[in-house]
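Step one of this worksheet: look at the structure below.
So you know, we letter chains A, B, ... as the sequences are listed, proteins then strands, and number each from 1. The structure displayed is predicted, hence computed values, not measured ones. Heavy atoms only: backbone and side chains are in, while hydrogens, waters and symmetry mates are out.
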There are 2 protein chains.
Amino acid sequence: MLHLNRKTEYALLALEHMCLKEKEKARHINTREVAEIYHIPYPLLAKVMQELSRRGFLKSLYGVNGGYVLAKKASDITVADIAQIFEGPLAVAECFRDAKITCPQWNDCLIKDPFYELNRKLHELLVEMTIENLAMSNAS
Amino acid sequence: MLHLNRKTEYALLALEHMCLKEKEKARHINTREVAEIYHIPYPLLAKVMQELSRRGFLKSLYGVNGGYVLAKKASDITVADIAQIFEGPLAVAECFRDAKITCPQWNDCLIKDPFYELNRKLHELLVEMTIENLAMSNAS
DNA sequence: TCAATATAAGACTATAAAAGTCCTATATTA
DNA sequence: TAATATAGGACTTTTATAGTCTTATATTGA
């Protein structure tokens with residue numbers, strides 16, 4: 001229950017990888033490299049990288065020795081941001097997904113208030129998790 | 001992202017309803033009543049109620065004036081329990097779903113430790129949410 | 001006793017989301 | 001100018017969710 005999807009996981013792995021490698025040597029990281037290290041299907045990861053680029057989290061470079069670099073500071077990229085891209089807004093219950101009320105239970109719903117609270121707390125947790133923070137658990 | 005499924009929501013609504021009604025008048029609550037009040041498809045809710053009964057959260061009574069009553073104290077039924085029934089174990093990332101390691105990223109995974117932490121915190125939140133606690137926000 | 005009512009259980013279908021592929025185009029570099 | 005890498009769209013496959021249908025069983029009350 002409550003699992004993030006693979007695109008989000010792949011995106012986080014890629015961003016994390018770039019964050020760590022960026023410190024070693026300033027260079028572009030290409031999709032193939034990330035796909036091979038983490039055993040991610042190349043065409044799928046390519047899509048993910050493109051999306052991250054389109055959304056302004058990565059800067060891309062075409063051609064030989066091309067690839068991507070982080071377009072933002074690692075401390076400014078949160079898990080909440082990335083998950084939002086690949087799976088929409090955080091919504092523990094259906095009713096929190098859209099602004100307008102579509103839930104047929106809404107009026108008589110007995111659980112919406114505590115679940116709204118849960119949603120809020122969970123969001124806080126996801127915002128605290130930045131690419132920089134994640135990197136700390138992998139500092140060698 | 002991170003949403004509970006409808007069976008879980010329906011189950012929680014039903015349990016919550018029974019918790020509140022039980023206090024008013026000691027009687028069995030039938031599936032039709034719950035389905036109508038909360039606009040839940042009857043055959044689907046029936047399945048959910050049967051599952052809750054099978055798992056020992058409800059006690060059932062056949063026939064005219066039959067229905068269900070809570071088989072446990074409302075304070076002993078948590079959202080974690082119910083969600084677990086209808087959508088399996090809490091697993092923010094795929095790798096926490098099974099005991100044995102099947103994730104192809106496992107060895108090189110840069111994010112598993114912080115996500116394990118997130119999983120743990122989230123589980124705590126769900127365990128704190130009991131049917132009794134949920135009822136408090138609806139006390140009239 | 002028997003009709004009405006409510007749960008029990010399994011198989012089944014439909015829909016939607018997730019995961020993954022394929023093809024073509026474009027920019028860059030050595 | 002060939003090789004390389006990103007860009008983008010359409011497409012297929014797979015899996016999970018949501019919902020339905022049918023038949024059986026237990027209980028009650030007239």
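Regarding B:L45, its CG atom lies at a distance of 14 Å from the C1' atom of D:dT20, rounded to whole Å. The CD atom of B:E33 sits 10 Å away from the P atom of C:dT7 (whole-angstrom rounding). Atom pair B:N5:CG and C:dA17:P shows a separation of 13 Å (rounding to whole Å applied). Distance, A:H3 NE2 to C:dA18 C1': 9 Å, rounded to whole Å. For the pair B:R32 CZ and C:dT7 P, the computed distance is 9 Å after rounding to whole Å. Distance CG (A:L52) to P (D:dT6): 13 Å, rounded to an integer number of Å. Between B:Y42 atom OH and C:dA8 atom P there is a gap of 10 Å when expressed in whole angstrom units. To the nearest angstrom, C1' of D:dT14 lies 13 Å from CG of A:L44.
Along DNA chain D, the nucleotide nearest to A:Q50 and the one nearest to A:V64 differ in position, and the one closer to the 5' end is contacted by A:V64. Comparing A:L61 and B:G63, the nucleotide of DNA chain C nearest to each residue sits closer to the 5' end for B:G63.
Distances from the side chain of A:P43 to the nucleotides C:dA8, C:dT21, C:dT5 place C:dT21 closest. In this structure, of D:dA7, D:dG8, D:dT25, it is D:dT25 that holds the atom nearest to the side chain of B:Y62. Of the candidates C:dG20, D:dG8, D:dG19, D:dG19 carries the atom nearest the B:Y10 side chain, counting heavy atoms from C-beta on. Residue A:K47 places its side chain closer to D:dA10 than to any other of D:dA10, C:dT7, D:dA7.
If you run side-chain hydrogen bond (donor to acceptor under 3.5 Å, both in side chains) between B:E33 and each of B:K21, B:H17, B:H28, only B:H17 comes through.
Between A:N65 and the phosphate of C:dA30, there is a side-chain N or O to OP1/OP2 separation shorter than 4.0 Å. When the side-chain nitrogen and oxygen atoms of A:T31 are compared with OP1 and OP2 of D:dA5, none of them lie within a distance under 4.0 Å. Between B:R54 and C:dT7 there is no side-chain polar atom (N or O) within less than 4.0 angstrom of OP1 or OP2. When the side-chain nitrogen and oxygen atoms of B:S53 are compared with OP1 and OP2 of C:dA8, one or more of them lie within a distance under 4.0 Å. Phosphate proximity of D:dA7 to A:S60: present, with a side-chain N or O under 4.0 Å from OP1 or OP2. Using a 4.0 Å cut-off, some side-chain N or O of B:Y68 falls inside it from OP1 or OP2 of C:dA8.
Contacts of B:P41 with the nucleic acid, taken as non-hydrogen atoms under 4.0 Å apart, involve only primed sugar atoms and P, OP1 or OP2.
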Step by step, would you call B:V48 with B:T31 a side-chain contact (heavy atoms from CB on, under 4.5 Å)?
CA-CA 10 Å; B:V48 168; B:T31 303; over 6 Å; no
Could you go through A:E51 and A:R54, starting from their C-alpha distance and side-chain angles, then the distance that decides it, and tell me whether this counts as salt bridge (charged side-chain N to carboxylate O under 4.0 Å, His left out)?
CA-CA 5 Å; A:E51 188 68 34; A:R54 224 177 292 132; 2.5 Å; yes
Criterion salt bridge (charged side-chain N to carboxylate O under 4.0 Å, His left out) on A:R120 and A:E117, from CA distance to verdict:
CA-CA 5 Å; A:R120 199 189 53 72; A:E117 259 305 286; 3.0 Å; yes
Please assess B:N133 against B:T78 for the test side-chain contact (heavy atoms from CB on, under 4.5 Å), listing each intermediate value before the final yes or no.
CA-CA 9 Å; B:N133 289 340; B:T78 74; over 6 Å; no
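With hydrogens and angles ignored, no donor-acceptor pair under 3.5 angstrom links the side chain of A:K7 to the base of C:dG20.
Using a 4.5 Å heavy-atom cutoff, the side chains of A:L4 and A:F86 are not in contact.
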